[in-house]
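Computed from heavy atoms alone, side chains included, the values below leave out hydrogens, waters and symmetry copies. By convention here, the first residue in the shown sequence is residue 1.
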Amino acid sequence: MSVLPSPSARRIDMHVHVVGNGTGGTGCWYRPQGFTKLGAPLLVRAVGLPSSVLTGDLDGLYAARLLELVRGSSLDAVVILAQEDPYTESGERITDRSSFYVPNEYVLSLARRHPELLPAVSIHPARRDALEELERCLAGGAVMLKCLPNCQNIDWNDRRYTAFLERMAAAGLPLLAHTGSERTMPVLAPHLASPRMLTRALEIGVTCVAAHCGTGTIALDPDYFEVFVEMARRFPNLHGDNSALAGLNFRFRPSARRRLLEPWLAPRILHGSDLPVPSHGTVMAAFGMIGWSDYRASRRIANPLERDVFLKRALGFPEESFTAVNRILRRPSRTSSATIRPT
């Protein structure tokens with residue numbers, strides 16, 4: 001009989017996207033715009049699904065495939081991410097500037113049924129019911145809150161969001177915020193790609209994770225990696241994740257790798273894949289960050305979650321990077337995960 005790891009020893013991918021088109025009554029939708037339409041088939045193929053699922057039962061087939069990938073990997077769990085709509089600062093929903101939507105209730109319900117899935121909800125703090133939705137999600141078992149500030153138009157330094165951040169801090173709910181380049185969704189506020197937009201949240205006491213560590217696509221977007229490093233020195237409650245750093249978009253480079261592996265910073269860099277974004281070692285091998293033998297070995301790993309684990313190890317990220325997120329995830333009480341009626 002297998003022995004489950006202790007909560008602090010679970011190996012977790014803390015950055016995994018859920019997608020759907022609403023065929024299963026989930027409330028999800030997927031409407032890629034512009035250049036992202038070309039990438040949509042690549043994303044579903046990256047998880048081993050045919051592009052025909054985009055117009056079929058995307059909800060059910062993607063969720064089933066995700067569970068298969070987790071159970072076939074060396075991971076114990078993955079954090080699955082809801083996706084909020086963008087809003088104006090005054091609380092009006094922006095209906096035409098997003099590529100996909102995943103309701104909080106969908107990730108909460110998936111997590112209730114499958115212990116390998118840990119729910120990260122997404123709430124725009126300008127929503128008129130933001131605090132009520134936050135309480136509902138806390139009661140439903142949320143372990144984290146996810147946002148893309150530059151795409152959803154969220155400046156966490158706005159003092160109108162103070163009460164929301166204070167409630168997050170009191171509840172021990174960490175904030176995972178996209179930082180750096182974004183090339184798969186429409187960008188509304190480019191300046192909010194900087195980790196500096198997390199300053200007030202950190203000052204209030206929210207544990208924050210700067211997804212991608214502020215890295216940018218070379219020659220296309222500003223790079224905020226040095227801003228992330230400077231802020232990590234100032235705020236012990238700021239972490240980074242290494243999601244998408246094994247991709248093909250040139251967001252990673254040898255100098256950044258060396259900094260992330262410095263003894264003071266490495267314990268705060270958490271493992272994430274950014275699935276279904278493809279994990280690929282070509283750029284890392286070309287820049288000498290991994291050997292070509294490791295690159296060839298990675299291409300023989302069919303499971304994209306496990307391939308990303310292999311590549312992150314080859315880059316030098318320690319075993320602690322796969323378990324460190326256990327220290328910051330909210331641990332809901334047993335009664336928190338009871339079924340909560342959607343709002």
Side-chain angles (χ1 to χ4, degrees), residues 2 4-20 26 28 47 59 62-84 102-123 133-148 168 171-178 206-209 211 239-244 269-277 303-306 308-309 312 320-340:
S2 62
L4 294 175
S6 68
S8 62
R10 293 178 303 175
R11 303 178 82 251
I12 295 174
D13 182 334
M14 53 83 65
H15 196 132
V16 170
H17 291 280
V18 172
V19 294
T26 62
C28 299
V47 298
D59 303 51
Y62 186 92
R65 179 58 176 159
L66 176 57
L67 283 166
E68 182 181 3
L69 293 175
V70 177
R71 292 166 182 170
S73 76
S74 61
L75 299 165
D76 297 302
V78 300
V79 178
I80 55 173
L81 311 178
Q83 175 70 21
E84 173 72 288
V102 178
N104 293 326
E105 181 54 31
Y106 182 47
V107 298
L108 293 170
S109 65
L110 283 174
R112 284 194 290 268
R113 298 195 302 272
H114 307 291
E116 306 96 329
L117 307 180
L118 309 174
V121 296
S122 186
I123 307 168
E133 179 67 1
L134 177 59
E135 293 297 339
R136 190 186 75 84
C137 291
L138 290 171
V143 302
M144 182 177 281
L145 190 143
K146 169 64 163 57
C147 68
L148 286 87
M168 285 184 64
L173 187 71
L175 172 61
L176 171 63
H178 176 95
V206 177
T207 296
C208 296
V209 181
H239 299 67
D241 81 13
N242 58 22
S243 62
I269 304 303
L270 314 176
H271 173 67
S273 64
D274 212 6
L275 193 85
V277 174
N303 185 327
L305 288 176
E306 192 62 26
D308 193 72
V309 168
K312 299 298 173 53
E320 183 183 10
S321 69
F322 300 100
T323 59
V325 74
N326 289 294
R327 297 196 303 265
I328 69 169
L329 289 180
R330 175 176 177 261
R331 294 186 182 178
S333 66
R334 291 181 180 272
T335 57
S336 295
S337 59
T339 301
I340 305 297

- Message: The criterion is side chain to side chain contact (heavy atoms under 4.5 Å, CB included); which residues satisfy it with Glu135, sequence neighbours excluded?
- Response: Leu138, Arg167
- If we only count heavy atoms from C-beta on, is the Ile12 to Asp76 side-chain gap below 4.5 Å? no
- Item | Salt-bridge contact Glu320-Arg11 (side-chain N to carboxylate O under 4.0 Å) | no
- Query: Just how far is it from atom CG of Leu176 to atom CG of Leu81, taken to the nearest 0.5 Å?
  - Reply: 6.5 Å
- Item | Any His178 side-chain heavy atom under 4.5 Å of Cys147 side chain | no
- Item | For Asp13, salt bridge (Lys or Arg N to Asp or Glu O under 4.0 Å) partners two or more places apart | none
- Query: Could you walk me through whether Leu117 and Val18 pass the side-chain contact (heavy atoms from CB on, under 4.5 Å) check?
  - Reply: CA-CA 11 Å; Leu117 307 180; Val18 172; over 6 Å; no
- With sequence neighbours left out, what residues match Glu84 under side-chain hydrogen bond (donor to acceptor under 3.5 Å, both in side chains)? Arg127
- Task: Could you tell me the separation between the NE2 atom of His15 and the CG atom of Asp308, rounded to the nearest 0.5 Å?
- Result: 11.0 Å
- Message: The test is side-chain contact (heavy atoms from CB on, under 4.5 Å); show your working for Asn242 and Leu270 and say whether it passes.
- Response: CA-CA 6 Å; Asn242 58 22; Leu270 314 176; over 6 Å; no
- Query: For the residue pair Pro332 and Ala142, what are the closest heavy atoms and their distance?
  - Reply: CG-O, 3.9 Å
- Query: What pairs with His239 under ring-ring contact (aromatic ring centres under 6.0 Å, His included), at least two apart in sequence or on another chain?
  - Reply: none
- Pair Val70-Leu67, side-chain contact (heavy atoms from CB on, under 4.5 Å): steps then yes or no: CA-CA 5 Å; Val70 177; Leu67 283 166; 5.7 Å; no
- Hey, are the side chains of Cys28 and Pro103 touching, using non-hydrogen atoms and a 4.5 Å cut-off? yes
- Message: Measuring from atom OG of Ser122 to atom CG of Asn104, what distance do you get when rounded to the nearest 0.5 angstrom?
- Response: 6.5 Å
- Message: Is the shortest side-chain heavy-atom distance between Val16 and Leu305 below 4.5 Å?
- Response: yes
- Check each of Val107, Val121, Leu110 against Val102 using the side-chain contact (heavy atoms from CB on, under 4.5 Å) test, and report the only one that passes. Val107
- Test side-chain contact (heavy atoms from CB on, under 4.5 Å) on Leu329 and Met144 and set out the steps. CA-CA 6 Å; Leu329 289 180; Met144 182 177 281; 3.5 Å; yes
- Message: According to salt bridge (Lys or Arg N to Asp or Glu O under 4.0 Å), who are the partners of Glu116, at least two apart in sequence or on a separate chain?
- Response: Arg71
- Message: I'd like to check the side chain to side chain contact (heavy atoms under 4.5 Å, CB included) partners of Ser109; sequence neighbours left out, ordered by chain and number.
- Response: Glu105, Tyr106, Arg112, Arg113
- Are side-chain heavy atoms of Phe322 and Val309 found at a separation under 4.5 Å? yes
- Please identify each residue that fulfils salt bridge (Lys or Arg N to Asp or Glu O under 4.0 Å) with Arg10, with sequence neighbours left out. none
- Note on the structure: Across all chains, not counting sequence neighbours, the side chain to side chain contact (heavy atoms under 4.5 Å, CB included) partners of Ala244 are His212, Arg251, Asp274
- Item | Between CG on residue Asn303 and CG on residue Leu69, distance to nearest 0.5 Å | 4.5 Å
- Message: When you compare the side chain of Ile269 with that of Ser321, does any pair of heavy atoms fall below 4.5 Å?
- Response: no
- Rounded to the nearest 0.5 angstrom, the CE-CD1 distance for Met14 and Ile80 is 13.5 Å
- Item | Under the ring-ring contact (aromatic ring centres under 6.0 Å, His included) test, residues paired with Tyr62 that sit two or more places apart | none
- Item | Closest non-hydrogen atom pair between Ala111 and Pro119, with its separation | CB-CD, 3.5 Å
- Task: Work out which heavy atom in Gly140 is nearest to a heavy atom in Leu108; give both atom names and the distance.
- Result: O-CD2, 3.6 Å
- Message: Can you list everything that forms a salt bridge (Lys or Arg N to Asp or Glu O under 4.0 Å) with Lys146? Sequence neighbours excluded, please.
- Response: none
- Message: Using the side-chain hydrogen bond (donor to acceptor under 3.5 Å, both in side chains) criterion, which residues pair with Asp59? Sequence neighbours excluded.
- Response: Thr23, Thr26
- Task: To the nearest 0.5 Å, tell me how far Met168 CE sits from Ile123 CD1.
- Result: 8.0 Å
